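This report concerns only the one structure given below.
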Amino acid sequence: MEVTGHPNGSPVFLLHGTPGSRNGPKPRAAILYRSEIRLITYDRPGYGGSTRQESRRVADAAADVATIADALGLDRFSVVGRSGGGPHALACAASMPDRVTRAAALVCLAPANAEGLNWFEGMSDDNVSAYETAEADASRFAERIRLRAERILRDPESLIRLLLGQMPEVDRRIVQSTAMRKHLVSTYREAVRPGPYGWIDDALAFRQEWGFDLSSITVPVLLWHGTADTFSPLSHTLWLAKRLPQSEVWLEQNKAHFGAMEVLPDVFPWLTAQQKPLSSPV
């Protein structure tokens, strides 16, 4: 677990992507301090310094967040999940309506059983192949991710090179910046340091029942998506918006998946209800 920003600021849990870890890209401490944000990050089971929880569901993240909040003496807080962290942020909102004040899911996936949604449409070929394998043959998928994790430990930039070939130009400009590349190398290396299991279990959880009902979420939810996303297609957020009773959607043209890393400072005021959104809701 890491806590950065203002020690007395509004508490916000940032749930990392897939693969990812507590030290993933986040606004600088000075920005968080000025924004009066106390940012809390942690490793999901199987990542970084966290013990694996085999067969975990998306819903299980809520218990981890509650335990950390209790340890920090936090009664109320907001949550934001980016990419693979998005479904886990929604799980917190569903399970802890008395503690979660607001939730944001950035470039979030929809459930695998999303009725009326072509889940794979608009998704990169590598993601389609990975998720199809995860659902059809978990053992073969686990071996695929094990080999990829070993490659990352030998060559931390190998995953970035693989992703660059699948992303639009707007994402490439972000990922190829020196600062962002450094952040991503650090988080990917830490993610797989104990092995591939956090990554494996995330993907398996996404393609199974999440363990909670989206329509039960009563707290305000912000859904952000870059319209050119090739990893979590825009259609997923639009599907979620129709099922979440109190959802607000921000769409950005000329942004894609990794744009979610840049938008966080704009999302914090919404999460802490300090001011109205900086861009017009859709």
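Small disclaimer: the values here were computed from a predicted structure and weren't measured.
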Using side-chain heavy atoms (C-beta onward) and a distance below 4.5 Å, is [X] in contact with [Y]?
X	Y	answer
Val263	Glu252	yes
Arg161	Ser158	yes
Val100	Phe13	no
Glu2	Lys26	yes
Met167	His257	no
Tyr188	Ile160	yes
Asp64	Tyr42	yes
Ile40	Thr4	no

Does atom [atom1] of [X] have more than 12 heavy-atom neighbours from other groups under 6.0 Å away?
X	atom1	value
Arg140	CZ	no
Glu115	CD	no
Asn113	CG	yes
Asp70	CG	yes
Tyr197	OH	no
Glu209	CD	no
Arg181	CZ	yes

For this output row, return yes or no: ring centroids of His236 and Trp119 closer than 6.0 angstrom.
yes

Is the ring centre of Phe206 less than 6.0 Å from the ring centre of His88?
yes

With distance as the sole test, does [X] use its side chain to make a donor-acceptor pair with the main-chain N or O of [Y] at under 3.5 Å?
X	Y	result
Arg193	Gly48	yes
His225	Thr227	no
Ser35	Ile31	yes
Ser216	Asp213	yes
Ser83	Gly17	no
Arg99	Leu74	yes

Presence of salt bridge, [Y] and [X], under 4.0 angstrom:
X	Y	answer
Asp202	Arg56	yes
Arg189	Asp155	no
Glu132	Arg207	no
Arg52	Asp201	yes
Arg44	Asp60	no

Is Arg102 close enough and on-axis enough to Trp270, meaning under 6.0 Å and within 45°, for cation-pi?
yes

Using 0.5 Å steps for rounding, measure from the [atom1] atom of [X] to the [atom2] atom of [Y].
X	Y	atom1	atom2	result
Asn127	Ser232	CG	OG	7.0 Å
Asp43	Leu15	CG	CG	11.5 Å
Ile200	Arg148	CD1	CZ	11.5 Å
Arg76	Thr101	CZ	OG1	6.0 Å
Asp171	Asp229	CG	CG	7.0 Å
Met123	Ser235	CE	OG	8.0 Å

Checking [Y] against [X]: is there a side-chain donor and acceptor pair closer than 3.5 Å?
X	Y	value
Trp250	Glu248	yes
Ser21	Asn23	yes
Ser124	Gln166	yes

Test side chain to side chain contact (heavy atoms under 4.5 Å, CB included) on Met96 and Val65 and set out the steps.
CA-CA 10 Å; Met96 295 183 285; Val65 170; 4.0 Å; yes

Side chain to side chain contact (heavy atoms under 4.5 Å, CB included), that's the test. Do Leu147 and Glu143 meet it? Break it down for me.
CA-CA 6 Å; Leu147 293 173; Glu143 177 63 11; 3.8 Å; yes

Minimum heavy-atom distance between [X] and [Y], given as atom pair plus value:
X	Y	answer
Ser95	Ala62	CB-CB, 3.6 Å
Leu214	Leu244	O-CD2, 3.6 Å
Pro245	Ser215	CG-O, 3.5 Å
Val80	Ala89	C-CB, 4.1 Å
Ser129	Arg144	OG-NH1, 2.8 Å
Met180	Ile174	CB-O, 3.3 Å

Would you say [Y] ends up clustered with [X] if hydrophobic residues are merged whenever their side chains have heavy atoms under 4.5 Å apart, either directly or through other cluster members?
X	Y	answer
Tyr33	Leu264	no
Val128	Leu163	no
Trp239	Phe212	yes
Ile145	Ile152	yes
Val12	Trp224	yes

Anything under 30° is parallel, anything over 60° is perpendicular, the rest tilted; go ahead and classify Tyr47 against His16.
perpendicular

After noting the C-alpha distance and the side-chain angles of Phe268 and Leu32, does the key distance pass the side chain to side chain contact (heavy atoms under 4.5 Å, CB included) rule?
CA-CA 9 Å; Phe268 287 142; Leu32 295 170; 3.6 Å; yes

So Val192 and Glu150, side chain to side chain contact (heavy atoms under 4.5 Å, CB included) or not? Walk me through it.
CA-CA 8 Å; Val192 301; Glu150 288 183 352; over 6 Å; no

